[in-house]
Each structure stands twice: as structure tokens, then as C-alpha cells.
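Convention: sequence-line order gives letters A, B, ...; per-chain numbering from 1. Since the structure is predicted, the reported quantities are computational estimates derived from the model, not experimental observations.
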Amino acid sequence: MNLFSDIRNLVLASLEILQSNGTLPKELNFSNVTVEPPRDASHGDMSTNAAMVLAKPAGMNPRLIADALSLLLVNDERVISADVAGPGFLNLCLKQDYWTSIIPFVLNMGTNYGRATIGTGIKVNVEYVSANPTGPLHVGHTRGAVFGDALASLLDFAGFDVTREYYINDGGAQVDVLARSVYLRYLEANGQAVEFVDGTYPGDYLVELGVDLKNKYGDSLVDKPETEWIAELRLFATEKMMDLIRSDLALLGIRMDVFFSEKSLYGTGLIEAALADLDGKGLVYQGVLEPPKGKKPDDWEPREQTLFKSTEHGDDVDRPIAKSDGSWTYFAPDIAYHFDKVQRGFDQLIDIFGADHGGYVKRMKAAVSALSNQQVSLDIKLTQLVKLYKNGEPFKMSKRAGTFVTLRDVVEQVGPDVTRFVMLTRKNDAPLDFDFAKVQEQSKDNPVFYVQYAHARISSVLSKAKDANMKIDVKTFKSLKHPSEITVIKKLAEWPRLLELAAKHNEPHRVAFYLYELAGDFHALWNIGKEAPETRFLQEDNPELSAEKLSMVSAVQLTIAAGLTILGVAPIDEMR
RNA sequence: GCACCCGUAGCUCAGCUGGAUAGAGCACCUGACUUCGAAUCAGGGGGUCACAGGUUCGAAUCCUGUCGGGUGUACCA
């Protein structure tokens, strides 16, 4: 139940009547007609731009259209008035009963209030994290993980058929480096002194892998050449690292549906098949790229290689898919991977990248566009950097200084709920400040707390009501008239509309901001009770009145819970 | 050089497929607890939406250019 789309339907039906009686011409596109909450409450309950967007195509004065529309709308039982304002806005005033009808609906739907159908029948794949399997997740991955997961939940709530997916980069040179690093730890476990050179990973997290290997092989691998152990250690180490990453993700409550291995694309013909598809479309050729303008790399030299004509699908330059020695670039398996997603029948693909990978957006979009004959859309969301602060001081991360902050560090310090909510209080493409002190503060500066507190306060009221044997489930409302009550109810009614917009734009942060606003409206209403005792939720000598108010706050609580669940944050009943 | 992201109040940021007088929090000032949790609320001051053009009934929002900041820039993943 979406009050705004209901009224929009009423507007559209009225417009059709105006067409059939000749007031408006037959051929009109109504898709731009909106019904939205007005910025200023004094403008009424809802406003529509119908007259203005139709004025030009209909060749009519917007006020004439608005007047005619107004006459029809006021006939509807939900509408009190429809006044033309400004350049042609139609401001609607709606009956009190209509607004309050949302309350029993919410109580009936519970935390499913707001579920939408805009995604029904649409298969969407959300790929996120996809960190190299060479170590634990760090704080940078955390934002992508939280964002991707919340987006997936948001789309699920909007009715999409969602698959959460992680692409394991286990096919490249960095996995060899990992294997060598583990070998060094193995030597160490056998009592040798080792040095981490050539970019090998010195992190402690590999120590136990070295011990495991010693337990398994004793010292039998110590003097063996690399060729004898590298393949096995690669496999062993990446599996261990993926276990580590899975457990890191679990700390945030994240579970992937699919882990897709890059390695599985090699030697199986999948890369060749994807490239054959592009080749069949005339998009693969042998060529030499121009040197980049501006500062030229010192070692630049013209090389002939296999190129993908990505410029035909919106890229700036064509991109290499094979190196000059004939081996694949990283881009080739990426193409194959996305080809696989297309073949699995997804209608929409979404990739979450760190902002430092922004340079790959166009080529990936070009590849998907080409591979799917422009049938499958690829939206790439970039998550910006997280700047860490401790007590207001910027906190510099350094692997060498040992001040490298992992996902586990963050979650163990502040908890999964705080981590998730804070990461979602910014648009994904805006940098985020994360202050360890501030995010744990219990005040309204901290949106996590503020929203949780509203939920907890309602739990407190409801348990008091239960002690007093108050009923909370009613269908009709007579007492909810105070402006602060109306504000809360209207905010509740906006939830389904907001959810659809957030899903349409792939922007889960809108849910976080909405919850903050809803919590704020609720806190305001709570405090009004001091000046206006008739708005207090528990009216001890008036059970009927109490039931109406308790129904309202219960609906608020359910809506907050629904929103928090999408964000992956647990609603709590008591602050500690 | 080129591409992408960003530029909104002193600070941190929202701003709906283009809508009416641009919002919130922090900070600053003034008020509200014999209470269903004051961990909260009410009120006040504070903005040339970086700048200049354009599109139109209407632009913070779309287009072009300029300035400023971030990121990425050939066979690395």
C-alpha cells in the first residue's frame, strides 16, 4: 500500500476522463506525471505536476488543465481539496482517515511493510568485495562489503531476484606471491630464518599456514625447487585465505550466494568462448595502441597485441585482451566472467568497485554491452575511501608500521551494527570519515544510536502498555490530530515510495537517511507529550485513545525495524 | 594531456526521473525533566548551491566552458 502511488493512479484515471470528454488530446504520455510530498507542508498533503508537464504537449495553458483536473479530483472520497498554485501545481488535501489507514496496514504487514514489486521477475546480480585472496579484508573492503550487501537486500525488498556474488581473483601472479609467502612461513616453521623480499606478504596471518604445512609435510619440501610445490601451495593458500575472508564477512553478517573463481575460467574454453563471441561481432583485432598523451611512461614502446574494440561501445580507447607474448591480460578473464553472468540469464548486473578502480568502468560496460547485444545493463558503483580518525586525529594506515586496520579490527571495536550503519550514512561516491570515538558515542550526533534509541523507546512504551493490559491493534482513528502526530503518520506513509526510489537508483543510503528522519519525527512527538498531555501514548483512563496511539507508535517501530533490516542492522529493544 | 567522481551554511553532509521561500546534524545563542527513558525536544542567527553561459513555464539538479579538489591513466590484478 503506497498512498502516493494510489493518488497518482487517481490522477492518471482523471486525466483519462479528461481525454475521453475531449478536454485533453488523445495522444499524451503520462509517464512524467508525479505525485509527491510537497516541500512545504503548508502546500497541502500531496502535490502533482500533471498540469505543467502536460501543458506543452497538449498545447494548453497549465492552469486550465489544473482547474479541470481539480474538479474531478475533489469528487474522490479521499480528497478534501485540490487547489491550483504557483505556475500550475495542484495541491491536494486529503482526509484524515486516508492517512491513518496506513497504520493498520503497517501493523498487518509487519516488517514487510514497504516491500515492492518493481523488481518482480527481474534477475539481478550484485558482485561485491571480490578482494584478492591474499589476506584478511581491510577497512577499505568493509565499505564495499556493507554497501553491496545493503544494496542487495534493498533490491530483494523491492522484489528483485537477487544473487550476491564474489569474484575470486585466484588466477593471477599475486597468487604465486601468496604461495611463496606461505612457503617462507613454512621454512620458518622448520627453524629457518627468512626474509620477505620481492613483494612477498609479511603478515602474521600466514604464520599458522606455515605451521600447518610443517605438520603435514615435515621438512620434505624444504630443499625442493619451487616447481615442485608452487601449484599445491597456491591451492592450499587460496583456500585458507577464502576461509579467512568468509569469516571476516560473517562478522558483518554477510553471506554470498556464489563465489566465482577466476581460475575456473582458464583451460576450460570459457575465455576463448567469450572472446569468440566478441570476435564474431567484429570487435577483436590485432593492433598497436597509441602512447598515452601527457606524461609518457619511460619504458613505452609500440607493441602489437590483441585488442577489444571497446570504443564501439562507449570507451575512450580500445583495450588489450592479450599481452604481446600472447598470454591473457587480466581483462580477458573479466570479460569471460561477465559473459558467464550474461549467459546465466541475469537481466541486470551491478558491480561494486573501490574508487581506485574507476578506470575500468567504461571498458567493463563496453564488454557487457557488446556481449549481451545491449540487452543486459551493467551499473558500476564506486565506493570512495574511508578516512579513519581516532579522537579527532587522522589515523594513518601503514602495512609496514603495523597500523594496518582490518575489517576484524573495526568490527571487534565498534560492533557490526555501528560499522554497517555508519558506512551507509554517506552516498557511496562521497568520501567517508570514520571516527572510532564518534561512532560509539551515544548521542544524537550519532545516527546509529539515534535511530536505535527511537526503536528502544517504543519497546519501552509497548512493554508498559502490556503491563497495563492495553490493546494496541485498532482499525479506525479519531484522536490522531496533533500536528506532530500527523507528521509522523505522513512520514510513515512515505516509506514505500522512498524504498522504490532508493532501489531504482541503487542507493541504500537513502534508507539510512529516511530512518534518521523518521526517528527524529518520533522523538519530537515523544517530547510534545510534556506540553500536550493528550498526545501521550499511554492514556491511563482511556484505553480506546491509548490503543490508537499505541498502534501508531507500533507502526513506527515496525517501519524502523524494516529499514534497519535492509541495512543489516539489528533493531534493539533496550539501550545499554 | 585524457577519463571518471566531487565542489551546497563556519564544519560534516542530504536534497526525490528538473518543481514552489535550498534542508538536517555539529558548533554558537535561548528555553523545556514532580515524564510513557532529557541518551531527548522546542526556538534563533547563519548560504551568490565554486564561476560564467545555455536549454525552459521553472535549474543545486540537464548541456557547454572555466577554476579548484580526489582517483585512474599503456602487456600489473
5' priority, RNA chain B, between A:L90 and A:R303 [closest heavy atom] | A:L90

Can any side-chain N or O of A:N49 pair as donor or acceptor with the backbone N or O of A:M52 at less than 3.5 Å?
-> no

Okay, side chain of A:S546, backbone of A:Q539: is any donor-acceptor separation there less than 3.5 Å?
-> yes

Base, sugar-phosphate, or nothing: which does A:E290 touch, judged by heavy atoms less than 4.0 Å apart?
-> nothing

What nucleic acid atoms does A:H357 come within less than 4.0 Å of, heavy atoms only: base, sugar-phosphate, or nothing?
-> base

Counting any heavy atom closer than 4.0 Å, what does A:N32 reach on the DNA or RNA strands: base, sugar-phosphate only, or nothing?
-> base

Hey, is the side chain of A:K530 pairing donor to acceptor with the base of B:A42 inside 3.5 Å?
-> no

N/O donor-acceptor pair, side chain A:D433 with base B:U12, under 3.5 angstrom | no

Can any side-chain N or O of A:N2 pair as donor or acceptor with the backbone N or O of A:S5 at less than 3.5 Å?
-> yes

Between CH2 of A:W300 and C1' of B:U73 the distance, given in whole Å, is 15 Å

Using a heavy-atom cut-off of under 4.0 Å over every strand shown, decide if A:P62 touches base, sugar-phosphate, or nothing.
-> nothing

Would you say A:S551's side chain and A:A547's backbone share a donor-acceptor pair under 3.5 angstrom?
-> yes

Across the strands shown, which category fits A:V288 at heavy-atom distances under 4.0 angstrom: base, sugar-phosphate, nothing?
-> nothing

Heavy-atom distance under 4.5 Å between the side chains of A:T559 and A:Y514, does that happen here?
-> yes

Pairwise P distance, B:G19 and B:C28 [rounded to whole Å] | 35 Å

Fill in the dot-bracket string of RNA chain B, one character per base: . for unpaired, | for a pair to another strand, ( ) or [ ] for pairs within the strand, taking Watson-Crick or G-U pairs under 3.5 Å.
-> (((((((..((((.....[...)))).(((((.......))))).....(((((..]....))))))))))))....

What pair of heavy atoms forms the shortest contact from A:W300 to A:E290, and how long is it?
-> CZ2-C, 4.0 Å

Phosphate-side-chain proximity, A:S460 and B:G37, N/O vs OP1/OP2 below 4.0 Å = yes

Donor/acceptor link under 3.5 angstrom from A:N91 side chain onto base of B:A20 = yes

Within the stacking criterion (centroid distance below 5.5 Å, interplanar angle below 30°), does A:H43 stack on B:A20?
-> yes

Below 4.0 Å: OP1/OP2 of B:C36 and any side-chain N or O of A:K549 | no

Base B:A77 to side chain A:T329, donor-acceptor N/O within 3.5 Å cut-off | no

With a 4.0 Å cut-off on heavy atoms, is A:R497 in touch with a base, just the backbone sugar-phosphate, or nothing at all?
-> base

Heavy atoms under 4.0 Å, any strand shown: does A:Y450 hit a base, just sugar-phosphate, or nothing?
-> sugar-phosphate

Below 4.5 Å, heavy atoms only, C-beta onward: do A:D417 and A:F421 meet side chain to side chain?
-> no

5'-most by nearest nucleotide on RNA chain B - A:V361 or A:K438 = A:V361

Answer yes or no: side-chain N or O of A:Y514 and base N or O of B:A14 forming a donor-acceptor pair under 3.5 Å.
-> no

A:D325 side chain to A:S327 side chain, donor-acceptor N/O pair below 3.5 angstrom | yes

Taking the side chain of A:F89 as its heavy atoms from C-beta onward, which of B:A77, B:C41, B:A20 lies nearest to it?
-> B:A20

